[in-house]
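One structure is given below, encoded as structure tokens.
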There are 2 protein chains.
Amino acid sequence: MKRLQMMEQNRAKLIAAARKAFADKGYAAASMDEFTAAAGLTRGALYHNFGDKRGLLAAVVDQIDSEMAARAQAIGAKANDDWLGLLAEGAAYIEMALDPEVQRIVLLDGPAVLGDPSQWPSQSSCLQATTRTVDRLISDGVFKPVDPEAAARLLNGAALNAALWIAASSNPQEVLPKAIGAFQSLATGFLKNPI
Amino acid sequence: MKRLQMMEQNRAKLIAAARKAFADKGYAAASMDEFTAAAGLTRGALYHNFGDKRGLLAAVVDQIDSEMAARAQAIGAKANDDWLGLLAEGAAYIEMALDPEVQRIVLLDGPAVLGDPSQWPSQSSCLQATTRTVDRLISDGVFKPVDPEAAARLLNGAALNAALWIAASSNPQEVLPKAIGAFQSLATGFLKNPI
DNA sequence: AAATATCATATACAGTGCGTATGTCAAATT
DNA sequence: AATTTGACATACGCACTGTATATGATATTT
């Protein structure tokens with residue numbers, strides 16, 4: 001087998017194994033010997049490919065973030081209205097953040113180990129998508145002239161916290177609609193002409 | 001000296017030393033041997049008083065959270081209008097979260113190590129205060145009938161993320177007003193009769 | 001007040017995990 | 001075919017957490 005193929009395959013195996021371990025045990029408690037063995041490799045491969053444990057987390061976060069952005073984009077594209085698209089994206093983001101994997105890796109360990117999400121290499125695709133939508137809404141005169149990045153960060157932050165709240169609650173299914181309702185009320189604060 | 005006094009004093013010394021170490025190096029990188037020595041003690045005292053490293057972080061977080069709540073309450077009390085009080089509290093929260101100590105310990109490591117803030121023993125005093133204010137605003141017919149806890153969580157989450165954004169930015173002083181402006185726009189989304 | 005018990009802290013130890021330095025073997029190059 | 005490259009494995013050292021045991025000062029009891 002070609003060398004580059006082999007390497008790419010091993011990288012993928014390591015990311016997959018680490019993703020599972022990080023999700024199950026958390027970043028700190030995940031043993032590198034353990035999940036490299038699960039991938040049929042050793043730590044040697046890991047250090048060669050990712051530099052250190054942190055680098056591996058960055059790769060895992062990047063992968064999950066890409067998946068989330070793709071999903072959010074698909075949902076936003078369905079709505080042909082930017083405003084409704086934004087609301088739908090927000091709801092989708094809340095629901096995605098209910099996934100234990102997303103929560104543990106992207107929302108809890110990610111910021112603690114890698115720092116602020118907007119500074120990540122992946123640059124938080126989700127945030128970028130929201131910023132673009134807000135930008136359009138301001139240009140079209142639908143939104144008040146707030147700072148687009150600020151608005152996007154606040155909306156994402158609100159959604160993210162709502163998700164953490166839901167996930168920690170004893171009956172998520174009951175809390176979810178409350179959170180989405182509150183999120184959509186909140187978002188109307190940016191509208192020039194509230195409904 | 002009396003035994004209880006001594007113990008209380010040592011607890012305080014350990015919390016103070018840990019608080020500094022956690023803020024400077026982060027939870028994971030802070031060595032227990034190092035900061036217990038800085039407090040003139042050893043890990044023996046630590047394990048006796050707090051069980052483990054995590055327990056110590058919980059104590060530190062609790063202390064900082066209390067200080068934040070006291071400050072927020074003082075600011076909220078100044079305004080004799082609940083709505084303006086909420087806006088002022090939000091702004092204050094954003095500014096407090098600019099403190100590197102608050103950020104590193106409460107916003108980054110806290111959630112990663114201890115889990116969702118609303119489940120902490122201290123129960124996030126800040127969140128409770130906001131929830132009560134929102135509750136009053138709904139009773140008074142100023143706010144739409146949203147779920148009070150949901151509203152409080154979203155507002156706090158938005159403020160928190162705004163703070164992380166500001167702190168990571170290269171010129172915080174320029175970004176701060178943008179964030180506060182966006183926050184206040186956002187909050188009007190909860191108003192029954194927007195301004 | 002003296003003897004004993006208690007308990008807060010110190011000390012010593014074991015286990016584990018990360019990162020690095022070195023080795024090895026297959027694939028690529030010439 | 002010989003040589004070089006480099007992806008990965010192996011072996012080692014260091015640091016750190018948590019526990020088990022020791023100690024000595026304070027509290028209790030008689």
Side-chain angles (χ1 to χ4, degrees), chain A residues 1-61 104-105 108-110 112-115, chain B residues 1-61 104-105 108-110 112-115:
Chain A
M1 187 181 284
K2 295 259 188 285
R3 211 157 181 188
L4 283 175
Q5 287 177 359
M6 199 68 174
M7 197 174 175
E8 192 50 46
Q9 188 177 318
N10 283 343
R11 269 183 64 95
K13 273 201 268 186
L14 283 173
I15 291 179
R19 181 169 168 168
K20 179 164 174 47
F22 289 160
D24 288 350
K25 313 190 164 184
Y27 174 79
S31 160
M32 299 173 76
D33 280 325
E34 212 166 302
F35 65 73
T36 49
L41 295 163
T42 70
R43 274 185 331 189
L46 201 157
Y47 280 97
H48 193 74
N49 279 287
F50 301 98
D52 59 359
K53 195 180 183 183
R54 220 182 110 141
L56 179 58
L57 177 63
V60 170
V61 162
R104 179 79 247 181
I105 300 179
L108 294 179
D109 286 331
V113 177
L114 306 173
Chain B
M1 187 180 283
K2 294 257 188 284
R3 211 160 181 184
L4 283 174
Q5 288 176 359
M6 199 67 177
M7 196 174 175
E8 192 50 46
Q9 188 177 317
N10 283 343
R11 269 184 65 96
K13 273 201 269 187
L14 285 172
I15 290 178
R19 181 169 167 167
K20 178 161 175 51
F22 289 160
D24 288 351
K25 313 191 164 184
Y27 174 79
S31 160
M32 300 174 79
D33 280 324
E34 211 167 303
F35 65 74
T36 48
L41 295 163
T42 70
R43 275 184 333 190
L46 201 157
Y47 280 97
H48 193 75
N49 279 286
F50 302 100
D52 58 359
K53 195 180 183 183
R54 219 183 112 141
L56 179 59
L57 176 63
V60 170
V61 162
R104 180 79 248 180
I105 301 179
L108 294 178
D109 286 331
V113 177
L114 306 172

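Keep in mind it's a predicted model, so treat the numbers as computed, not measured. Letters A, B, ... are given to chains in the order of the sequence lines, protein chains preceding strands, and every chain is numbered from 1.
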Measure from [atom1] on [X] to [atom2] on [N] and round the result to the nearest Å.
X: B/Asp33; N: D/dC14; atom1: CG; atom2: P; answer: 17 Å
X: A/Glu8; N: D/dC8; atom1: CD; atom2: P; answer: 10 Å
X: B/Leu46; N: D/dT19; atom1: CG; atom2: P; answer: 12 Å
X: A/Leu14; N: D/dA9; atom1: CG; atom2: C1'; answer: 13 Å
X: A/Tyr47; N: D/dA7; atom1: OH; atom2: P; answer: 18 Å
X: A/Lys25; N: C/dT16; atom1: NZ; atom2: C1'; answer: 13 Å
X: B/Leu56; N: C/dT9; atom1: CG; atom2: P; answer: 14 Å
X: A/Gln5; N: C/dA27; atom1: CD; atom2: C1'; answer: 13 Å

Which one, [options], comes nearest to the side chain of [X]?
X: A/Asp52; options: C/dG19, D/dC8, C/dT9; answer: C/dG19
X: B/Lys53; options: D/dC8, D/dA27, D/dG18; answer: D/dG18
X: A/Thr42; options: D/dT19, C/dA8, D/dA9; answer: D/dA9
X: B/Arg43; options: D/dA11, D/dA9, D/dT19; answer: D/dT19

Any [X] side-chain N or O less than 4.0 Å from OP1/OP2 of [N]:
X: B/Asn49; N: C/dA8; result: no
X: B/His48; N: C/dA8; result: yes
X: B/Asn10; N: C/dA8; result: no

Could you give the distance from NE2 (A/His48) to CG (A/Leu41), rounded to the nearest 0.5 Å? 12.5 Å
Could you state the interatomic distance from CG (B/Asp24) to CZ (B/Arg19), rounded to the nearest 0.5 Å? 12.0 Å
Is the cationic atom of B/Lys20 (NZ for Lys, CZ for Arg) positioned less than 6.0 Å from the six-membered ring centroid of B/Phe35 and within 45 degrees of its normal? no
